[in-house]
Amino acid sequence: MRFSLASNALCGAVAVSALSVPRAVDKRVTLVDLKQFGSFPTITPEQAHAEAEPLSSILGDGPQFDKIGQSTDSDTKESPAAGEEKATAAADGTCDRNNPAVRYEWRNYAADDKKAFVNAIKCLMGKPSTGGFQGSQSRYEDIVSVHQQLTPTIHQRAVFLPWHRYYVSVFESVMREECGFDRAFPWWDETLDSGKYAQSELFTDAYFGPLPGKTSDGQGTCITSGTFGGLTLHIGPGSGFTDHCLARAVDESLTGTVSTQFVQDCNSRTSYDDMRGCQELGPHAYGHNGIGAVMAEVQASPGDPIFFMHHLFVDHSFRIWQNADASRTTTINGCADANNPCTPITMDYVLSSNGLRPNTTISAVMDTLGGDLCYRYDY
Ligand SMILES: *[C@@H]1O[C@H](CO)[C@@H](O)[C@H](O)[C@H]1NC(C)=O
Ligand SMILES: [Cu+2]
């Protein structure tokens with residue numbers, strides 16, 4: 001068992017302190033080697049800043065779709081009560097742009113909805129796999145499997161942002177249709193927790209469970225408390241299938257780079273694919289690597305449910321970039337494959353979730369207020 005050495009060493013330490021504090025006996029800490037997880041490739045914030053384009057390109061004069069209705073919505077701390085919320089997908093292909101579903105930043109999301117949200121994820125973990133997803137032992141892991149299997153075609157190329165937008169909406173659809181989740185969706189403004197992710201309310205036992213620090217000798221910690229405490233993951237690490245715990249290992253020097261400045265430096269790029277590369281290797285990669293362990297691995301990172309809060313943040317940044325110019329919801333550029341020279345991507349490029357939900361195209365997800373989608377962010 002790969003964790004046994006570290007685990008024994010730590011149990012010894014716990015036993016000593018238990019002499020004076022008997023209740024600590026119950027708190028077993030298991031450490032894991034972080035090497036098995038690898039990490040996401042990065043650029044530095046300095047690189048992103050040096051190559052940033054003038055501010056005028058961010059503040060384009062195109063339609064500010066996400067501002068519609070904001071004066072009323074942003075004033076309230078209450079997200080809509082159960083039943084009032086519209087599903088994200090516009091089933092009939094139409095979206096009332098003045099009345100879409102709203103994704104609320106965690107701080108603006110009702111406490112009751114927060115509980116319902118993590119419980120719906122837990123519900124997916126308790127449902128059986130529908131079969132056909134390699135290594136999966138639950139409905140939740142069906143979703144993890146899709147990301148693991150598609151990893152080579154969805155990262156470090158133009159489709160990264162539209163595919164992950166689609167993937168989050170597939171996750172949302174499965175939560176709603178298979179676990180009865182009927183609330184508004186949240187998102188996480190990571191820039192507000194820059195350098196102190198571990199202090200975020202998300203990482204408490206009531207929600208996603210704690211975010212332990214990377215140990216001084218570079219190990220991660222299995223999460224044993226909270227909604228997802230004691231979870232066994234069957235997909236990953238990497239492209240393999242070895243039972244392992246849900247581990248985290250925060251490095252706040254990495255989360256500290258996930259700032260408004262870094263996001264804006266990336267969003268200053270007028271070319272879609274320049275912006276995409278900067279976001280992917282920038283704030284997106286630092287959020288993954290900063291939370292660490294399961295989240296730091298490219299293939300099976302959705303095994304940590306905080307993955308979806310992170311990708312809601314990445315999607316928010318993408319939407320804010322799109323808001324600056326209407327053409328950013330109708331055009332795309334960059335490579336569809338890794339060939340040299342590559343095949344240019346087009347709006348007809350097919351997005352697949354390996355059958356979790358129907359295939360779609362990039363053009364159907366580029367506007368969050370049309371095509372397959374009907375949502376905006378609360379700010
Ligand atoms: C969905 O797209 C994938 C990738 O292009 C393709 O392999 C698969 O056959 C498609 N599935 C359906 C049902 O069209
Ligand atoms: Cu990914």
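Both ligands and their constituent atoms are indexed starting at 1 by order of listing. What's counted below: heavy atoms across the whole structure, side chains too, no hydrogens, waters or symmetry copies.
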- Task: Could you tell me whether the side chain of Thr360 and the main chain of Leu351 form a donor-acceptor pair under 3.5 Å?
- Result: no
So, [X] versus [Y]: side-chain donor-acceptor pair below 3.5 Å or not?
| X | Y | value |
| --- | --- | --- |
| Glu190 | His310 | yes |
| Asp337 | Thr343 | yes |
| Ser129 | Asp142 | yes |
| Glu177 | Ser173 | yes |

- Message: Working to the nearest 0.5 angstrom, can you tell me the gap between Phe228 CZ and Tyr207 OH?
- Response: 12.0 Å
- Distance (rounded to the nearest 0.5 Å) between Phe160 CZ and Asp273 CG: 11.5 Å
- Which of these, Trp163, Tyr166, Tyr167, sits in a side chain to side chain donor-acceptor pair (under 3.5 Å) with Ser353? Tyr166
- Message: Heavy-atom count check: over 12 atoms from other residues, nucleotides or ligands less than 6.0 Å from Lys214 NZ?
- Response: no
- Note on the structure: For the Cu ion (ligand 2) the protein N, O or S atom count under 2.8 Å stands at 3
Starting from the N and O atoms of ligand 1, find every protein N or O within less than 3.5 Å and list the pair with its distance.
residue	atom	partner	partner atom	Å
ligand 1	2 (O)	Asn359	ND2	2.3
ligand 1	11 (N)	Asn359	ND2	2.9
ligand 1	14 (O)	Asn359	ND2	3.4

